[in-house]
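Presented below is the structure to which this report refers.
Along the sequence shown, residues are numbered consecutively beginning with 1. Note that the structure is a prediction, hence the values are computed from the model and not measured.
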Amino acid sequence: DDYGDLEPRMDLKKAGFEIFLEDTRLEEKVKKPHTWFTSVPEQVKLHPEKKVPLMLFFHGASDNPAEAAEMSKFHELGEREGFITVYPWGTNRTQWNSSLEDPEAEDDVGFAIALIDYMIANYPVDPERIYLSGFSNGAAHAQVVALLHPDRIAAICHIDSNWPGKRSEPSEVNFEDVVPFRLAMEKKKEYDYLIPVWYTYGTREPSYPVYAKCTQQYQYDFWKKYNHIAVAATPSRENPDPCGCGVPG
């Protein structure tokens with residue numbers, strides 16, 4: 001129909017995306033065709049000599065680039081603020097391989113890095129201002145790409161990630177058992193990378209307000225540890241923080 005949840009649906013033709021469908025130009029680095037939408041602001045087209053930031057937004061599980069664009073509207077912000085936005089589609093068109101537990105699964109991290117390299121080579125992208133965002137499974141993937149390639153990513157601002165652990169109840173998670181977390185800390189032994197993180201979650205999440213041993217807590221506790229920030233205790237599910245949102249400390 002013509003309407004989404006709250007407003008008229010986005011007109012893809014008027015949005016002015018460059019749409020790359022099952023494109024093979026990245027196959028030298030990643031072996032399969034891939035799909036992505038690119039939005040280049042008019043002011044960037046008029047001044048291609050000026051390097052600008054790049055934002056990659058990763059869709060949620062079972063979503064696609066069009067839905068990601070309609071939900072986040074980062075390309076509209078990019079048009080106003082002067083940055084390029086890319087909405088990639090996961091290699092298997094269902095979800096991003098963010099756990100890295102199966103060596104036979106799709107190399108979606110490799111896809112993201114190959115796409116970043118392509119954008120730098122073919123658009124006026126500032127390689128020191130590469131930003132990542134995403135929703136749900138895509139938010140997890142944004143974190144994983146940043147953790148495995150901290151030298152490439154300036155900052156992340158992911159939304160509603162439910163990883164790692166069980167989405168609807170407390171669970172025990174050891175950082176060493178989470179492959180991207182473990183690899184990230186090993187990489188920090190070579191150089192102590194710091195990554196700015198802005199994380200948001202919705203009030204309809206089953207872990208709202210956040211409680212100890214929920215997926216949210218494992219994320220922000222890890223990022224605090226990663227960035228040398230003191231880790232404060234998170235309230236239990238039985239005694240949530242009275243403010244109803246946010247995290248003490």
[Y] backbone acceptor or donor facing [X] side chain under 3.5 Å:
X    : Y    : result
Y193 : K187 : no
S98  : A140 : no
N97  : D108 : no
E67  : N64  : yes
T215 : R167 : no

Is there a side-chain contact between [X] and [Y] in this structure, where contact means two heavy atoms from C-beta onward sitting under 4.5 Å apart?
X    : Y    : result
K225 : F175 : yes
R93  : T35  : yes
Y123 : V52  : no
N162 : Q216 : yes
L100 : V109 : yes
T38  : M119 : yes
L147 : L183 : no
P180 : L148 : yes

Minimal non-hydrogen separation, [X] against [Y], with atom names:
X    : Y    : result
V44  : P124 : CG1-CG, 3.6 Å
F83  : P53  : CB-O, 3.4 Å
V86  : P88  : O-CD, 3.5 Å
P127 : I120 : CB-CD1, 3.8 Å
S133 : C157 : OG-O, 2.7 Å
I195 : P150 : CD1-CB, 3.8 Å

Rounded distance (nearest 0.5 Å) linking atom [atom1] of [X] with atom [atom2] of [Y]:
X    : Y    : atom1 : atom2 : answer
K50  : Q43  : NZ    : CD    : 7.0 Å
I229 : D221 : CD1   : CG    : 11.0 Å
T85  : L54  : OG1   : CG    : 7.5 Å
I84  : I130 : CD1   : CD1   : 9.0 Å
M55  : R129 : CE    : CZ    : 12.5 Å
L194 : H228 : CG    : NE2   : 5.5 Å

Quick one, Y226 with M185, criterion side chain to side chain contact (heavy atoms under 4.5 Å, CB included). Give me CA distance, side-chain angles, the key distance, then yes/no. CA-CA 7 Å; Y226 187 93; M185 296 310 285; 4.0 Å; yes
Determine, step by step, whether E42 and K45 satisfy the salt bridge (charged side-chain N to carboxylate O under 4.0 Å, His left out) criterion, reporting the C-alpha distance in whole Å, the side-chain angles of both residues, the deciding distance to 0.1 Å, and the verdict. CA-CA 5 Å; E42 287 303 316; K45 294 177 182 176; 3.4 Å; yes
Name the residue from [options] that meets the ring-ring contact (aromatic ring centres under 6.0 Å, His included) definition with [X].
X    : options                : answer
H141 : W163, F57, F58         : F58
H59  : F37, W36, W96, F74     : W96
H158 : W198, Y199, Y131, F135 : Y199

Does the pair I153 and I116 meet the rule for a side chain to side chain contact (heavy atoms under 4.5 Å, CB included), with working shown? CA-CA 10 Å; I153 308 304; I116 288 171; 4.0 Å; yes
Would you say [X] and [Y] are hydrophobically clustered, going by side-chain heavy atoms of ILVMFWY under 4.5 Å?
X    : Y    : value
F222 : V231 : no
V145 : Y191 : yes
F111 : W89  : no

Would you sort out whether Y87 and H75 count as a side chain to side chain contact (heavy atoms under 4.5 Å, CB included), showing the intermediate values? CA-CA 9 Å; Y87 298 102; H75 59 287; 2.8 Å; yes
Is the number of heavy atoms from other residues, nucleotides or ligands under 6.0 Å of [X] [atom1] greater than 12?
X    : atom1 : answer
E22  : CD    : yes
K32  : NZ    : no
E186 : CD    : yes

Before you tell me yes or no, could you show the steps for R152 and D117 under salt bridge (charged side-chain N to carboxylate O under 4.0 Å, His left out), namely the whole-Å CA-CA distance, both residues' side-chain angles and the distance that decides it to 0.1 Å? CA-CA 10 Å; R152 306 296 306 276; D117 288 341; 2.7 Å; yes
Can you spot which of L132, V197, I156 makes a side chain to side chain contact (heavy atoms under 4.5 Å, CB included) with Q143?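 Exactly one candidate clears the test, I156.
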Could you check E27, H34, E28 and say which one makes a side chain to side chain contact (heavy atoms under 4.5 Å, CB included) with V30?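 So the option named by the test is H34.
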Does any donor atom in the side chain of T234 or Q217 lie under 3.5 Å from an acceptor atom in the other side chain?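 There is no such pair (donor and acceptor under 3.5 Å, judged by atom type) between the side chains of T234 and Q217.
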Are a donor atom and an acceptor atom from the side chains of Q219 and Y201 found within less than 3.5 Å of each other?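 Side-chain D/A pair, Q219 to Y201: absent.
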For a side chain to side chain contact (heavy atoms under 4.5 Å, CB included) check, start with the C-alpha distance between R25 and F20, then their side-chain angles and the critical distance, and finish with the verdict. CA-CA 10 Å; R25 68 191 68 202; F20 300 84; 3.8 Å; yes
Sequence neighbours left out, what passes side-chain contact (heavy atoms from CB on, under 4.5 Å) with P170? Give chain and number order.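 P170 satisfies side-chain contact (heavy atoms from CB on, under 4.5 Å) with Y211, K213, R237 once adjacent residues are dropped.
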Examine Y220 together with W223 and report whether their ring centres are nearer than 6.0 Å.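 No - the distance between ring centres of Y220 and W223 does not fall below the 6.0 Å cut-off.
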